[in-house]
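Worksheet: one structure, shown below.
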Amino acid sequence: MRKGGGVVGTVGGEGFHVGCDWSRVSLSPSAEEVVGGGGEGGVHIWNIVSGVSEGVLRGHSSTVAAVSWHPGGGNIVSVDKSKTCIIWG
């Protein structure tokens with residue numbers, strides 16, 4: 001990725017909406033996927049090249065406010081507005 005470049009791609013789609021004024025998303029270590037938390041409690045994963053959803057992780061009961069990918073690529077951590085943190089493997 002180059003600094004100062006334009007839009008590389010966009011992701012989103014049916015069933016995804018941000019449920020708070022701010023939301024933290026995370027780029028995978030391989031820079032091939034992006035993960036973001038949804039207002040419905042899902043953790044959404046998209047392929048950056050195609051823009052297509054690769055799936056939704058379910059387990060939160062409230063809006064997912066932040067997600068982070070482990071630098072090694074093996075795990076995703078998400079936290080919701082009810083203060084529940086889930087480590088996905």
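Here, residue 1 is the first one in the sequence, and each next residue gets the next number. The structure displayed is predicted, hence computed values, not measured ones.
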Open item on the list: What I'd like to find out is whether the side chain of Val35 reaches to under 4.5 Å of the side chain of Leu57, using heavy atoms alone.
Closed with: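 The answer is no, as the side chains (C-beta and beyond) never meet within the 4.5 Å cut-off.
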
TODO: State, with a plain yes or no, whether a side-chain heavy atom of Val34 is found less than 4.5 Å away from one of Ser26.
DONE: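 Side chain of Val34 against side chain of Ser26, heavy atoms only: no contact under 4.5 Å found.
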
Open item on the list: Do Trp46 and Leu27 land in one hydrophobic cluster if side-chain heavy atoms of ILVMFWY residues count as linked below 4.5 Å?
Closed with: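 As far as the 4.5 Å side-chain criterion goes, Leu27 and Trp46 are connected within one cluster.
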
Among side-chain atoms of [X] and [Y], is any donor-acceptor pair under 3.5 angstrom?
X     : Y     : value
Asn75 : His70 : no
Ser78 : His60 : yes
Asn47 : Glu54 : yes

For [Y], does its backbone N or O pair with a side-chain atom of [X] as donor and acceptor, under 3.5 Å?
X     : Y     : answer
Ser62 : Ser82 : yes
Thr63 : Gly39 : yes
Ser53 : Gly55 : yes

Which atom pair, heavy atoms only, marks the closest approach of [X] to [Y]?
X     : Y     : value
Val67 : Gly37 : CG1-N, 4.1 Å
Gly42 : Val64 : O-CG2, 3.8 Å
Trp69 : Ile45 : CH2-CG2, 4.2 Å

TODO: Carefully, step by step, assess Val56 and His44 under the rule side chain to side chain contact (heavy atoms under 4.5 Å, CB included).
DONE: CA-CA 5 Å; Val56 181; His44 297 257; 3.4 Å; yes

Open item on the list: Working to the nearest 0.5 angstrom, can you tell me the gap between Glu33 CD and Ile76 CD1?
Closed with: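 So the gap between those two atoms works out to 7.5 Å.
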
